[in-house]
Amino acid sequence: MTAVRTAILPAAGLATRFLPATKAVPKELLPLGNKPVIHWIVDEAVAAGVEQIVVVISPDKTAIREYFSPAPALDDILQARGKSELLDELNRLLDRAAFTFVTQDEPGGLGQAVLCGRGAVGDEPALVLLGDALITAEVPVASQLVAVFEQVGNSVLGLEEVPDEKVMSRGIVAAETTPDGFLRVSAVVEKPPVAEAPGNLAISGRYLLTPAVYGYLESAAPRPDGEICLTSGIAGLIADEAVYGCVFDGVRHDSGTPAGYLKLLNALVTSQ
Ligand code: UTP
């Protein structure tokens, strides 16, 4: 079985829910302690064994690339002042993983952002970790997905149970447990009314996808707003090959809204 060596981090969205704060600062770079949100997410990917990080950025989000690039002049100053430990953690991360940046020219949806990563990933399975979804967990969620992948060899979706009132705003799956104890996904519905939803399991910002997904994304019809959603690609996969779910152990935080970000800060402070 092919090992999971790459993670795609889509970070090219407009972040309209966090304006005006995100007009000049990408939401993925908002600080959580001394590290930005996206650094925590890269840590999760690297803990799962990933060696290559593919970050999808928009043309104006070059600050994300700068954050993950070496800064020799700053290193020199810190060293001269005896403070080089301040960048040690980041520099170790830069040594451990190779970073590739690809540009999504327009915010054409999450599906299109993932498709932008195709060339860098090649013909291999890849994790997809949303750049604004942080999941606190004892075992990093990316590792939980990889553990399932290593047993089933097919795509795995990170899932969480959501209350009825949230079903209408999430991608909901129909799934059943196989005789060998895995959760097999048979359908995915984007933002269904509760009465029509196949259940309460929602896709939650973590995916491990086989390369077949790119073909489905390429042929997916855009939504009326012009965006290609990742769900369309996943629906294509489900029609053709087995797709599994992993109801992860962990708490998902959406740092893409002011309220979600403040809650996340609070959760991290109280967990210290
Ligand atoms: P969101 O839908 O939460 O991000 O996408 P958004 O579109 O930036 O936010 P709002 O709704 O306008 O406030 C989840 C992740 O996918 C990326 C975002 O940057 C975010 O990290 N994304 C989204 C892309 O990379 N490209 C897109 O076209 C859309």
Side-chain angles (χ1 to χ4, degrees), residues 10 13-18 107-115 127-137 141-142 144-145 148-149 152 154-210 212-213 216-217 219-257 259-261 263-264 267:
L14 283 176
T16 54
R17 288 171 298 157
F18 219 136
L110 182 56
Q112 193 198 62
V114 170
L115 194 51
L127 280 158
V128 175
L129 288 78
L130 298 197
D132 64 348
L134 201 119
I135 304 177
T136 45
V141 173
Q144 297 180 39
L145 264 59
V148 177
F149 175 80
V152 298
N154 291 98
S155 296
V156 185
L157 311 177
L159 302 173
E160 66 176 338
E161 203 162 321
V162 294
D164 282 354
E165 64 272 18
K166 295 224 167 127
V167 162
M168 251 188 95
S169 58
R170 304 289 294 272
I172 302 292
V173 302
E176 55 196 48
T177 307
T178 63
D180 41 5
F182 295 104
L183 194 62
R184 174 125 184 216
V185 176
S186 56
V188 52
V189 198
E190 194 58 34
K191 302 181 179 160
V194 169
E196 289 164 29
N200 285 64
L201 288 177
I203 300 180
S204 292
R206 296 293 182 273
Y207 316 75
L208 202 170
L209 300 172
T210 57
V213 74
Y216 296 110
L217 287 172
S219 56
R223 291 190 313 212
D225 61 4
E227 294 204 350
I228 294 174
C229 40
L230 186 51
T231 313
S232 312
I234 293 170
L237 272 182
I238 292 171
D240 240 21
E241 56 182 60
V243 171
Y244 292 87
C246 167
V247 181
F248 55 73
D249 240 337
V251 181
R252 176 188 194 259
H253 306 271
D254 179 4
S255 64
T257 65
Y261 174 69
K263 257 200 199 149
L264 171 54

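The shown structure was predicted, so the numbers you read here are calculated from the model rather than taken from an experiment.
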A.B. asks: Determine the minimum heavy-atom distance between Glu190 and Gly171, stating which atoms define it.
C.D. replies: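 Minimum heavy-atom separation between Glu190 and Gly171: OE1-CA, 3.9 Å.
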
A.B. asks: Testing the basics here: between Ala142 and Leu127, what is the closest heavy-atom pair and its distance to 0.1 Å?
C.D. replies: CB-CD1, 4.0 Å

A.B. asks: Are the side chains of Val173 and Leu183 in touch, meaning some heavy atoms are under 4.5 Å apart?
C.D. replies: no

A.B. asks: Stepwise, does the side-chain contact (heavy atoms from CB on, under 4.5 Å) test hold for Leu209 with Leu157?
C.D. replies: CA-CA 8 Å; Leu209 300 172; Leu157 311 177; 4.2 Å; yes

A.B. asks: Kindly compute the distance separating CD1 (Ile172) from CG (Leu159), expressed to the nearest 0.5 Å.
C.D. replies: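 Reported value, rounded in 0.5 Å steps: 9.5 Å.
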
A.B. asks: Evaluate the side-chain proximity of Leu134 to Leu264: yes if any heavy-atom separation is below 4.5 Å, no if none is.
C.D. replies: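 Sidechains of Leu134 and Leu264: in contact.
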
A.B. asks: Indicate yes or no: does Glu160 engage Arg206 in a salt bridge with an N to O separation below 4.0 Å.
C.D. replies: no

A.B. asks: Could you state the interatomic distance from OH (Tyr216) to CG (Leu230), rounded to the nearest 0.5 Å?
C.D. replies: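 Between atom OH of Tyr216 and atom CG of Leu230 there are 14.0 Å.
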
A.B. asks: Between Thr136 and His253, is any pair of side-chain heavy atoms under 4.5 Å apart?
C.D. replies: yes

A.B. asks: Please report the interatomic distance OH(Tyr261) to CG(Asp254), rounded to the nearest 0.5 Å.
C.D. replies: 13.0 Å

A.B. asks: Does the side chain of Val189 reach to within under 4.5 Å of the side chain of Thr231, using non-hydrogen atoms?
C.D. replies: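 The answer is no, as the side chains (C-beta and beyond) never meet within the 4.5 Å cut-off.
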
A.B. asks: With distance as the sole test, does Glu241 use its side chain to make a donor-acceptor pair with the main-chain N or O of Asn154 at under 3.5 Å?
C.D. replies: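 A pair under 3.5 Å: no.
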
A.B. asks: Please give me the minimum heavy-atom distance between Pro192 and Ala197, naming the atom from each residue.
C.D. replies: CG-CB, 3.8 Å

A.B. asks: For Cys229 and Arg223, work out which heavy atoms get closest and say how close.
C.D. replies: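 Smallest interatomic distance, heavy atoms only, reads SG-CD, 3.9 Å.
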
A.B. asks: Can you find a pair of side-chain heavy atoms, one from Ser204 and one from Arg170, that are under 4.5 Å apart?
C.D. replies: yes

A.B. asks: Roughly how far apart are Leu145 CG and Ser155 OG, rounded to 0.5 Å?
C.D. replies: 10.0 Å

A.B. asks: Compare every heavy atom of Thr178 with every heavy atom of Arg184, then report the nearest pair and how far apart it is.
C.D. replies: CB-CG2, 3.7 Å

A.B. asks: Ignoring hydrogens and angles, tell me if any N or O in the side chain of Asp132 forms a donor-acceptor pair with the backbone of Ser255 under 3.5 Å.
C.D. replies: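 No; judged by distance alone, with no hydrogens or angles, the pair does not exist.
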
A.B. asks: Let me confirm one number: the CD-OG distance from Glu227 to Ser232, rounded to the nearest 0.5 Å.
C.D. replies: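 That separation rounds to 11.0 Å.
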
A.B. asks: Does a side-chain heavy-atom distance below 4.5 Å link Leu130 with Pro10?
C.D. replies: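 A side-chain contact exists here, since the closest heavy-atom pair is under 4.5 Å.
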
A.B. asks: Given Val156, which of Phe149, Tyr207, Phe182 fulfils the side chain to side chain contact (heavy atoms under 4.5 Å, CB included) condition?
C.D. replies: Phe149

A.B. asks: How long is the straight-line distance from CE of Met168 back to CD of Glu196, given to the nearest 0.5 Å?
C.D. replies: 9.5 Å

A.B. asks: So, for Ile228 and Pro222, which heavy atoms are closest and what is the spacing to 0.1 Å?
C.D. replies: CG1-CA, 4.1 Å

